[in-house]
Asker: 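This is the structure, below, for whatever I ask next.
Each ligand, and each atom within it, is numbered from 1 in the order the structure gives.
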Amino acid sequence: MDKVLKIGIVGCGAIGKDHCRRIIDTVPGATVVAVSDYVPAAADDLAAKYGIRSFGNDCKGMIADPEVEAVLITSIDPTHHDYVMETLKYEKWCFCEKPLSQNAKDCEDIINRELEIGKRMVQVGFMRRYDRGYAEMKRIIDSGEIGAPLLIKACHRNVSQGPGFKTENGITNVAIHELDICRWLLGDEYEDAQCVRVRQSANSNKGYDNPQVVLLRTKKGCFIDVEVQVADGYGYDIQCEVVCENGTVKLPDPYAVVRRNRPAGWDSVAPAECMPIMTDWKERFIEAYDIEMIKWVESIHAGKLTGPSSWDGYVACVAGDALNASRGTSQFFKVETMEKPELYK
Ligand code: NAP
């Protein structure tokens with residue numbers, strides 16, 4: 001690949017730093033030329049580490065800079081809509097970490113702007129689509145070998161949350177991954193959704209619901225049940241099982257080692273085995289993030305984005321809005337999207 005895509009990063013926190021390292025160290029055909037952050041020192045520190053330009057807190061100045069050909073948005077959720085729109089003002093390529101926005105209305109602005117440009121310019125950070133476990137599940141489901149999918153049982157458990165986290169963010173920030181991956185696995189769209197409050201964990205007395213249960217029904221009648229824990233106190237634990245007519249497919253655990261031995265003192269009862277659980281999303285999906293970023297850059301060089309689109313970001317937010325509206329009502333709320341534009345078909 002001769003040409004090197006010049007990327008600018010908005011947001012130098014956990015994933016901003018990680019993607020910066022990834023692009024510079026492992027992604028062919030791309031490099032990071034500039035960084036910016038709400039806190040100038042965060043941008044200055046990252047820029048100094050790689051010898052690149054810091055725009056301090058002038059994020060919009062960085063987006064406008066002629067050297068920057070593509071923008072990676074890794075700032076906090078409420079800022080995504082404005083930075084995506086700013087990037088699209090200059091018709092530059094954009095990778096926006098999930099969620100695309102915090103509600104469906106804001107995603108519609110992004111879709112409308114892309115339609116004006118007449119080309120897909122935005123990819124959303126739904127990296128699970130690049131995880132080998134999920135990809136193999138999808139391959140088996142799509143092959144039809146185990147019949148039609150009927151149900152999904154999933155869970156998303158996180159260790160803890162930072163200050164300012166709210167109950168609704170359990171959907172818009174956390175379960176948003178499931179809202180994307182379930183419709184992708186099934187090749188189906190949501191009909192309606194309900195968020196159920198259940199017995200609260202002792203880890204929960206921080207002003208937000210934990211756990212919450214997300215229920216979704218699809219147009220083809222599949223039923224999805226996702227347990228969402230945002231403070232489980234033990235690990236980053238992602239599980240997913242799809243029940244089909246003639247069998248099931250299940251997401252493998254990252255540490256799939258099964259130990260077999262005969263410990264001293266063993267009699268007839270096997271000792272309890274303990275599987276190590278990761279605590280960090282960076283490690284759990286490291287390969288998926290790498291592939292996601294490599295494919296994004298490849299698709300830009302080919303002139304056509306192929307990864308998760310603004311439409312995918314929008315549908316997840318429509319489902320998220322329905323879930324947040326349904327909380328406490330004991331009712332399923334319709335998941336109603338606008339008509340899908342030709343650009344995303
Ligand atoms: P983080 O560590 O808090 O980093 C966010 C950074 O954005 C911080 O440096 C923050 O500065 C900065 N920021 C705040 N307001 C800003 C503004 N107006 N303009 C520019 N920068 C601003 O959070 P993170 O974990 O990296 O997450 C960042 C984004 O990535 C989130 O949207 C999150 O949902 C997404 N994410 C996705 C995945 C995934 O699996 N795909 C995983 C992790 C995160 P302060 O420190 O001063 O607030």
Side-chain angles (χ1 to χ4, degrees), residues 8-22 34-47 49 54-64 71-87 94-103 106-107 110 122-131 133-134 156-166 168-181 184 228 230 236-238 254 278-293 295-296 307-308 312-313 316-317 320:
I9 298 181
V10 179
C12 302
I15 204 165
K17 287 193 199 105
D18 201 42
H19 280 329
C20 186
R21 171 202 57 75
R22 171 169 291 113
V35 293
S36 57
D37 191 284
Y38 183 68
V39 178
D44 294 348
D45 289 351
L46 190 59
K49 182 169 178 190
S54 171
F55 278 74
N57 62 6
D58 185 13
C59 302
K60 293 192 173 174
M62 188 206 74
I63 292 171
V71 177
L72 184 65
I73 299 169
T74 47
S75 46
I76 54 174
D77 299 2
T79 65
H80 291 184
H81 166 267
D82 286 2
Y83 288 133
V84 174
M85 291 301 283
E86 194 67 17
T87 305
C94 178
F95 182 101
C96 180
E97 261 309 336
K98 61 81 191 165
L100 180 57
S101 292
Q102 288 196 293
N103 58 67
D106 283 353
C107 296
I110 294 169
V122 181
Q123 178 162 326
V124 181
F126 289 136
M127 82 299 173
R128 289 194 192 177
R129 295 183 183 206
Y130 301 96
D131 174 74
Y134 280 114
H156 186 136
R157 300 189 191 133
N158 269 84
V159 182
S160 60
Q161 300 300 329
F165 191 87
K166 299 192 185 71
E168 306 82 66
N169 303 139
I171 306 301
T172 60
N173 178 276
V174 177
I176 199 86
H177 275 303
E178 270 66 27
L179 297 179
D180 180 65
I181 206 71
W184 181 76
V228 183
V230 294
Y236 181 67
D237 195 1
I238 306 299
M278 293 172 174
T279 52
D280 191 341
W281 43 265
K282 286 197 226 67
E283 199 189 343
R284 168 66 182 85
F285 285 110
I286 188 163
E287 189 189 51
Y289 289 119
D290 287 351
I291 299 171
E292 164 189 66
M293 210 45 70
K295 296 244 177 244
W296 177 59
D312 297 314
C317 285

Asker: Evaluate the side-chain proximity of Q123 to P308: yes if any heavy-atom separation is below 4.5 Å, no if none is.
Answerer: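 P308 vs Q123: side chains touch.
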Asker: For ligand 1, which of its N or O atoms have a protein N or O partner closer than 3.5 Å, and how long is each gap?
Answerer:
residue	atom	partner	partner atom	Å
ligand 1	2 (O)	A14	N	2.9
ligand 1	9 (O)	D37	OD1	3.4
ligand 1	9 (O)	D37	OD2	2.7
ligand 1	11 (O)	D37	OD1	3.3
ligand 1	19 (N)	Y83	OH	2.6
ligand 1	21 (N)	Y38	N	3.2
ligand 1	26 (O)	A14	N	3.2
ligand 1	26 (O)	I15	N	2.9
ligand 1	32 (O)	S75	O	3.3
ligand 1	32 (O)	D77	OD1	2.5
ligand 1	32 (O)	H80	NE2	3.0
ligand 1	32 (O)	K98	O	3.4
ligand 1	34 (O)	D77	OD1	3.0
ligand 1	34 (O)	K98	O	2.9
ligand 1	34 (O)	K98	NZ	3.0
ligand 1	34 (O)	N173	ND2	3.2
ligand 1	40 (O)	H177	NE2	3.1
ligand 1	40 (O)	Y289	OH	2.6
ligand 1	41 (N)	E97	OE1	2.8
ligand 1	41 (N)	G125	O	3.3

Asker: Among residues two or more places apart or on two chains, list those pairs meeting salt bridge (Lys or Arg N to Asp or Glu O under 4.0 Å) that have a residue in residues 168-179.
Answerer: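 Listed by first then second residue: R128-E178.
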Asker: Under the salt bridge (charged side-chain N to carboxylate O under 4.0 Å, His left out) rule, collect the residues that match up with D280, sequence neighbours excluded.
Answerer: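 For D280, the residues satisfying salt bridge (charged side-chain N to carboxylate O under 4.0 Å, His left out) (neighbours in sequence not counted) are K282.
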Asker: Would you mind checking if D180 and K98 are paired as a salt bridge, meaning a charged N to carboxylate O distance below 4.0 Å?
Answerer: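 Salt bridge absent between K98 and D180.
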Asker: So which atom in F165 and which in G170 form the shortest heavy-atom distance, rounded to 0.1 Å?
Answerer: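 Looking at all heavy atoms of both residues, the shortest contact is CZ-N, 3.5 Å.
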Asker: Partners of D290 by salt bridge (charged side-chain N to carboxylate O under 4.0 Å, His left out), sequence neighbours excluded?
Answerer: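 Counting only residues at least two positions away or on another chain, D290 forms a salt bridge (charged side-chain N to carboxylate O under 4.0 Å, His left out) with R22.
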